[in-house]
Structures are given as structure tokens and as C-alpha cells.
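Only one structure is covered here, and it is reproduced in the block below.
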2 protein chains.
Amino acid sequence: MAKSALPAYEQVKAWTRRHIASGKWKPGDTVPSEAALMQQFGVSRMTVNRALRELANEGLVTRVQGSGTRVAQLHRISSRLSIRDIHEEVVERGHEHTTRVLRAASEPAGEEVAQSLGLKASDAVFHTVMVHMENGVPIQYEDRYVNPAAAPAYLATDFTQTSPTLHLLQHAPLTEASYSIEACLPTAQEARALAIKRTEPCLAMMRRTVSGAHVASIARLVYPGTRYSFAGQFQA
Amino acid sequence: MAKSALPAYEQVKAWTRRHIASGKWKPGDTVPSEAALMQQFGVSRMTVNRALRELANEGLVTRVQGSGTRVAQLHRISSRLSIRDIHEEVVERGHEHTTRVLRAASEPAGEEVAQSLGLKASDAVFHTVMVHMENGVPIQYEDRYVNPAAAPAYLATDFTQTSPTLHLLQHAPLTEASYSIEACLPTAQEARALAIKRTEPCLAMMRRTVSGAHVASIARLVYPGTRYSFAGQFQA
DNA sequence: GAGTGGTCTAGACCACAGA
DNA sequence: CTGTGGTCTAGACCACTCT
């Protein structure tokens, strides 16, 4: 009986998780089959199935049809790295977010940008450069190219009120994105805009977003190393 | 009939996803109820329920009991950043992984380390420092403190055969981890070990792992900026 | 062929929101 | 009160693995 405040499938999940976390079952070990767990918990197969399926989604176990359920190799710890709208992030910390727009114009794409956006070099693209500030301190330099086909009204946005990310999310529904994070030294212009020395290391995030059939935008976001870090956590 | 290669719940998911991605349904809009989708697709409620529940898990819709299902505010884009064992990662690229151990000893924790590991400053901890190389090129400097209570045999490991991460995963089952990524300049020792200039920016990852009741390990991993980047992607 | 998971159904009872 | 989602059951058929 116990206190069954939790749904049955959660109880099965918790029980399984405990065995894995305690080391009683090691990676590669077989987890009791659905039939066995049905008996043990006195629940239907759908319930056990849901429990194990969700654990598999979370990466704790591996399931192979016809073979069985095993404790996953936990080598790849993974956690959600959230990429958030900078405005929202700053405001959530209870701070003031302001923006200084350095450039907002339509210009020919050029070879490199055209290739990333899937356009011709002579096609026009929107190019914005701005600095985001938290309580007046520069925390992000944003250099962004936007595909006019994906967000025709982009340049008309008042970027002191709305961030580019927000405008794009609202007007070019996101279907796909990729990013990479590197360490780099700022260019002269970036250093000037962020008010840092050219020798101060920075985190640079390159982001590329796809909306339906178009590559919507490519952006390079530069964060001063001493003022920003990406963090995350993970729980079994 | 169409080609129903996909399971029914996947078809419901795909149909719903398309409406959201295309912008036909905007954030906040109501998604058809389970009953409505049952009719439309001619499937049982459990099937529709699974489809919508999974979309909710993925963050695409929000469900409120008694109220309904709505398109989620898509502000929080997130993706899984995987933190993997360096050895596995190098080998998977088809390259050779070697290690140069600079230090492997038991020593008093000291204030700062003791605090992170939940020990006293005079308690002994295991301290290892090593450089990981991919085809002979240094790619990671690893400075790690290990809680002896969590992995008593740590120092006996042959680190030229097994990585610290792997040993810990096998002997101190992981229950929790947190990390942060920063940009920094290498210390003199790090620069020397990695064979880079002191002015070359690096990515530094601080990682803390918990195993059961113990903080198992804290590590600082330094990657030369020009030789490494973190990347990820996600799809709606 | 026996055992496993993947999917699906047609019901059911409940908790909750909103009129 | 009606409509919604949250959970659960006792079956079922299938595809797959392993021996």
C-alpha cells in the first residue's frame, strides 16, 4: 500500500532509478522485463511500458526490441543547454536590459554570408550589429545577418524595445537551429564596443537558425569571458 | 490510405508540429482537444494522449488539466549539450588518444577544495593533473580533485589505459552533475602543458559530479580555443 | 518457438477549469 | 454541470532477438 501519492508509472520509474543510481545495477546490466515488473508492481503492461519508455528517453536505459532493457552506458552525460533570449535572461535576473544599435541596414550578402543563408552573393540581406547591456554594462556583442525572405519586417523593429531573437521567434517560427561555442579574442571593434581590452578572452557563440524552407539568420554573439559563463546541470 | 509507415501517435505529432512550425497556430492558441483529434485521426484516446504528452515534454505545447492544450511560448530554446568522456570522443573520431600524467597524489584538501567536496581542509583528497592528446596534439588539460570516499581506488588506476572520467563513472555511479563554461587565458603551467602561448584564449569547463551522498569529484578542464569547440543542434 | 519490446484499442475513473 | 487532461486496465497484434 504505502502512500501512493505518486502515479504508478512514477513509482516504477523511481524504483528503477534508485537501483541504477545506487550502483546495484551497473551499465550493461539487464533491467527486469515489462512482464516481470507487471507482476512485481501489480500494474498493467502499458503502465510499466510508459515508465521504461520515459527512462529510455531520459537516457538512463537502452531498450532493444526482442532483446530487452539495459542500464545505459552513462558515458555521455548530457544536459540541456538553454539558449535564451538575452533580453528575457537579463530581465529575469531583475536587471535592466538596454541595447545600443551600431548598425541596422540592408546590404549585399557577399560570398560567405550568401552561402550560409542559401542566397546569391548579390542578394540583399539585413545586417544588424548591436551591444546588449545589463545595468549599463556591456555583456554581449551581437553581429547578425537575417534572410529577408524569412523576416521581411526585421529592419523596421525598434531594437530598443524588442530583441532580434524575439522578433525572429515571433515572425519566423523556428524549426531547426545549430550552434557552436568557442573561445576567442575580440576584434578591435568588438573590444571597443564591449569596453574590454583586446587581450581579454571571450566566448563566441555562432548560431544558425532555420525557419521552414529558409535559413532565417546567422549570428555571432561575443561575451566577455569575465562577465559571462554558460552553466548547466544534470540529474540522474 | 497514404503510406502509414509511421506509428499513429507519430502522425498526430507530425501533424501538430507542422501547424505550429508553419505559424498557422501561434503561441497561446488552443490545440484541438484529445477528443477532437481522436475523431479526426480515427485513433483511440491513449494514442492521441501520447502524442500530445510527448509534444509537451519537448516543450512545444503546454497542457493544463481541465483547461486544454496550447501552443507554448517558444522563448526558451534549449538543446542537449553532451559532456562526454574525452577518451571515447577522440577514439570515435578515429584518432589516437594518449595521456601525459603530470601529477597523481594524495594531499590535504585545503580550504577551497574541501568546501567544494564537502570535507575538512585537513582531509586527504586525490589530486590528478594530466594532459590529453589527440594524435599527439594536446587538446585538454585536466586538473581534478577526487573524494576518496567516493572512489577509494582512484589513484591505483593506470591513466594511460583508462580516463579519470571513465574510472569515476564505473566506480562512483553518477547521480548529479553541474558544469559551467568560461573563456579564460591559460596559466603559465597550463600554457606549457598544452604547448600554446599564454595569450591564446581557452575554454575552461568546471565540472562537479555527485555520486549518492558524496560529491565525487571537481575538475577544471582547459581546452585551447583554436583546437576545440562545443557544438550542438536541435530540431522543433 | 519463447521472450522481448512497440504499438494500439475501448473502455474506465478521477481531478480540475470554466461557465 | 460539461469539457478537459491524467492515469490506468486487460486485452491484442506485430517485429524483433536469441537460441
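This is a predicted model, so every value here is computed, not measured. Labels below follow one simple rule: chain letters A, B, ... track the order of the sequence lines, proteins then strands, and each chain is numbered from 1.
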Qualifying residues under salt bridge (Lys or Arg N to Asp or Glu O under 4.0 Å), relative to A/R220, sequence neighbours excluded: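 A/E190.
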So, is A/Y9 near the phosphate of D/dC8, with a side-chain N or O under 4.0 Å from OP1 or OP2?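 Looking at the OP1 and OP2 atoms of D/dC8, neither is under 4.0 Å from any side-chain N or O of A/Y9.
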Taking OP1 and OP2 of D/dG5, is either one under 4.0 Å from a side-chain nitrogen or oxygen of B/R53?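 No, no such contact exists.
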Can you confirm whether the side chains of B/R208 and B/S116 place a donor and an acceptor under 3.5 Å from each other?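 No, no side-chain donor-acceptor contact under 3.5 Å.
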Can you confirm whether the side chains of B/N49 and B/R53 place a donor and an acceptor under 3.5 Å from each other?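 A pair is found: one side chain offers a donor N or O, the other an acceptor, under 3.5 Å apart.
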Write down the distance between [atom1] ([X]) and [atom2] ([N]), rounded to a whole number of angstrom.
X	N	atom1	atom2	value
A/E34	D/dA12	CD	P	17 Å
A/R50	D/dA10	CZ	P	18 Å
A/L37	C/dT4	CG	P	11 Å
A/E54	C/dG5	CD	P	16 Å
B/L52	D/dT7	CG	P	13 Å

Just to verify, what does [X] make a ring-ring contact (aromatic ring centres under 6.0 Å, His included) with, not counting sequence neighbours?
X	answer
B/F159	B/Y154
B/H171	B/H167
B/Y145	B/H127

Using a strict cut-off of less than 4.0 Å between a Lys/Arg side-chain nitrogen and an Asp/Glu carboxylate oxygen, indicate whether B/E54 and B/R17 qualify as a salt bridge.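 Salt bridge flag = no for B/R17 with B/E54.
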Got more than 12 heavy atoms from elsewhere within 6.0 Å of CD, B/Q115?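 No, CD of B/Q115 has 12 or fewer neighbouring heavy atoms, counting only those of other groups under 6.0 Å.
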Considering only heavy atoms from C-beta outward, does the side chain of A/M130 approach that of A/P164 to under 4.5 Å?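 Counting from C-beta outward, A/M130 and A/P164 do come under 4.5 Å.
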Side chain of B/R63 only, please: which of D/dG6, D/dT4, D/dC8 is the nearest?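 Selected nucleotide: D/dG6.
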Which of residues 38-49 of chain B have a heavy atom under 4.0 Å from DNA chain D?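 B/R45, B/M46, B/N49, in order of number.
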Protein-nucleic acid N or O pairs under 3.5 Å, nucleotides 17-19 of chain D:
| residue | atom | partner | partner atom | Å |
| --- | --- | --- | --- | --- |
| D/dT17 | O4' | A/G66 | O | 3.2 |

